[in-house]
Amino acid sequence: MQKTTPTQLFGLLIFVFGLLLIPDLSFAQGAYLPYDRDYYHKVDRYEILQGRNNPFFNSGYKPYRRDILAKFLDSLAKNPEVIRSKADRFNLDYMSQDNWEFSEQETPESKKNHFLNPSTEDRETSRIMRVRSSEST
């Protein structure tokens, strides 16, 4: 068996320290919307329908960040004067679902049932499962 020299131990220590330190020094880039002409057209359309500039981002600068766009879409969902037609509602739901990670509104696919705040259905299911398991023992 080969002996480890102090130089090798020092190199290994630097390597391990570097691996632990690299994630703290790196910054991740935010998620941006891809350049899709129809997608940006819908966002611009909703801003025009709103009748004022949105407070979240300037629509002249592209690409849009998904988290900021999700805030804008959430504000539109709360404003019934802007979204009037079924097509607008469908497109708004589509874009909210596309940005589900940052959206506050509940999308049909996610249902946002978090384990820290379960819905009443989840609590009822858990209660039934506990009762059944206690009956079987």
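Here CG of Asn99 is found 9.5 Å from OH of Tyr94. Values are rounded to the nearest 0.5 Å. Here the CZ atom belonging to Phe56 is positioned 11.5 Å from the CG atom belonging to Asp67, to the nearest 0.5 angstrom. Rounding to the nearest 0.5 Å places CG of Leu73 at 4.5 Å from OG of Ser96. Atom CG of Asn91 sits about 14.0 Å away from atom NZ of Lys86, to the nearest 0.5 Å. Remark: Lys78 NZ to Glu104 CD distance equals 5.5 Å, nearest 0.5 Å. Asn53 CG to Asn58 CG: the interatomic distance, rounded to the nearest 0.5 Å, is 7.5 Å.
Nearest approach of Asp44 to Ser59, heavy atoms of both residues: OD1-CB, 3.6 Å. Looking at every heavy atom in both residues, Met95 comes nearest to Tyr46 through CE-CE1, 3.2 Å. Summarising the geometry of Pro34 relative to Tyr40, their closest heavy-atom pair is O-CE1, 3.1 Å, with the distance given to 0.1 Å.
Checked for salt-bridge contact, Asp93 and Arg89 meet the test: a charged N lies under 4.0 Å from a carboxylate O. Electrostatic pairing of Lys42 and Asp88 does not count as a salt bridge here, judged by no charged N lying under 4.0 Å from a carboxylate O.
Checked against a 6.0 Å centroid threshold, the rings of Tyr64 and Phe57 count as neighbours.
A donor-acceptor pair under 3.5 Å is absent between the side-chain atoms of Gln50 and the main chain of Leu76, judged by distance alone.
A side-chain donor-acceptor contact under 3.5 Å links Tyr39 and Asp98. Between Asp74 and Ser103, the side chains place a donor N or O and an acceptor N or O closer than 3.5 Å (distance only, hydrogens not considered).
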Legend entry - Stepwise side-chain contact (heavy atoms from CB on, under 4.5 Å) test for Arg65 and Phe102: CA-CA 10 Å; Arg65 285 184 27 194; Phe102 304 104; over 6 Å; no
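Looking at Tyr35 and Lys62, their side chains come closer than 4.5 Å, going by heavy atoms from C-beta outward.
Trp100 and Ile68 are not part of a single hydrophobic cluster, where members link through side-chain heavy atoms under 4.5 Å apart.
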